[in-house]
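Atoms within each ligand, like the ligands themselves, are counted from 1 in listed order.
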Amino acid sequence: MKPAVLVSRAIFPDIVDRLRVHFDVQDNPEDRVFKKAELIERLAGKQGVLATGSERFDAEVLDANPQLKAVCNMAVGYNNIDVDACNARGVLCTNTPDVLTETTADFGFALMMAAARRIAESEHYLRRGDWKKWSYDMFTGGDVHGATLGILGMGRIGQGIAKRGALGFGMKVIYHNRSRLAPAIEAECRASYVSKEALLRDADHLVIVVPYSPASHHAIGAAELAQMKRTATLTNIARGGVVDDAALAQALAERRIASAGLDVFEGEPALNPALLTVPNVVLTPHIASATIATRRAMANLAADNLIAALGFGPNAGHPPTPINAAALKG
Ligand code: DGY
């Protein structure tokens with residue numbers, strides 16, 4: 001008998017079929033978002049799950065399903081998984097790094113440019129029929145080329161954004177990270193390490209790419225926004241919760257900073273309603289990795305991880321991108 005697995009959200013049907021070769025798969029083609037009780041119920045008897053960031057795997061879910069051996073996220077971020085709880089129960093977790101780096105960096109850069117050059121705001125103006133004449137100061141924004149790009153969180157995606165800024169747009173790149181990068185990587189990205197205070201003070205365009213954790217909760221709040229230039233933009237492609245959305249909405253309304261580009265939100269898909277009332281923000285629904293090629297690569301990598309984690313396929317026992325490899329040894 002094949003082991004049973006759950007695919008918790010709708011994904012590419014042909015990739016679900018890859019799983020069916022090895023597993024008895026319960027999938028979710030209707031794409032319901034399971035609340036905790038339903039997730040617990042659907043996991044009954046399952047040895048593994050191919051999950052997305054929208055389901056939370058905590059001690060309660062794991063304890064209700066002690067047979068569960070692997071949680072394989074189709075996302076690079078894994079703040080939906082309580083990794084300590086998984087470690088304590090020997091549950092292997094995997095994510096999908098690398099395959100989305102360039103696509104997500106493209107999007108972060110695009111969102112930053114859209115905020116700086118007021119693309120969404122001016123498009124709304126045009127669609128409303130408000131454009132009656134050209135004027136010298138209509139939707140004047142801030143330059144991107146030659147400006148100072150500040151990056152908070154200099155992992156792979158942050159590095160991709162740095163290279164785009166430095167090499168493509170002649171930007172001066174500064175970054176702040178938990179730990180400083182090796183000199184060779186700094187040189188490749190043409191990026192200089194600075195304190196968080198200097199980052200906030202000096203960036204013309206601040207891009208947030210830091211993973212969400214209790215330590216990064218509201219890393220950007222009212223106090224941090226107050227340190228930024230009035231002409232600066234802020235772009236968040238990391239996770240809701242890294243930025244205090246209420247404080248940001250207020251800063252935007254008061255023109256304390258020029259504009260923002262947001263792909264992620266606290267409590268998404270719900271939004272802080274104040275964000276919908278300020279014009280100087282570009283809002284997108286968590287789509288930074290959303291190209292067909294990249295979403296397929298993410299789903300395939302999550303499937304590879306699940307197949308290997310449960311002892312099948314060419315990498316049996318060695319999933320390509322584990323988060324807690326220690327659970328494999330245990
Ligand atoms: C990720 O991979 O973490 C993206 O944010 C999509 O969830």
### Query
So, does M74 sit close enough to ligand 1 that a heavy atom of it is under 4.0 Å from the ligand?
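Contact absent.
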#### Entry: atom 1 (C) of ligand 1 [closest protein heavy-atom partner, distance rounded to 0.1 Å]
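Its nearest protein heavy-atom neighbour is V76 N, 3.4 Å.
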#### Entry: Shortest protein contact, atom 6 (C) of ligand 1 (heavy atom only)
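In this structure, atom 6 (C) of ligand 1 has H286 NE2, 3.5 Å as its nearest protein heavy atom.
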### Message
Classify the ring geometry of F139 against Y125: parallel below 30°, tilted from 30° to 60°, perpendicular beyond 60°.
### Response
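Correct class here is perpendicular.
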### Query
Salt bridge or not for R201 and E197, using N-O below 4.0 Å?
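No, no charged N to carboxylate O under 4.0 Å.
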Report yes if [X] has an N/O atom closer than 3.5 Å to an N/O atom of ligand 1; otherwise report no.
X: R239; value: yes
X: G77; value: yes
X: M298; value: no

### Task
Measure from the side-chain N and O atoms of N236 to the backbone N and O of F265, and report whether any donor-acceptor pair falls under 3.5 Å.
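Checked: no pair found.
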### Query
Quick one: does R164's side chain have a donor or acceptor within less than 3.5 Å of a partner on G160's backbone?
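A pair under 3.5 Å: yes.
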### Query
For H217, does the NE2 atom sit with more than 12 other heavy atoms under 6.0 Å from it, leaving out its own atoms?
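Yes - once you tally the heavy atoms of other residues, nucleotides and ligands closer than 6.0 Å, there are more than 12.
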#### Entry: Over 12 non-hydrogen atoms of neighbours within 6.0 angstrom of CG in L276
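Counting neighbours around CG of L276, more than 12 heavy atoms of other residues, nucleotides or ligands fall under 6.0 Å, so yes.
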### Task
Measure L100 to ligand 1 on non-hydrogen atoms and call it side chain, backbone, both or neither using the 4.0 Å cut-off.
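Side chain only.
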### Task
Would you mind listing which atoms of ligand 1 come within a distance below 4.0 Å of any non-hydrogen atom of A75?
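Atoms satisfying the 4.0 Å criterion: 1 (C), 2 (O), 3 (O), 7 (O).
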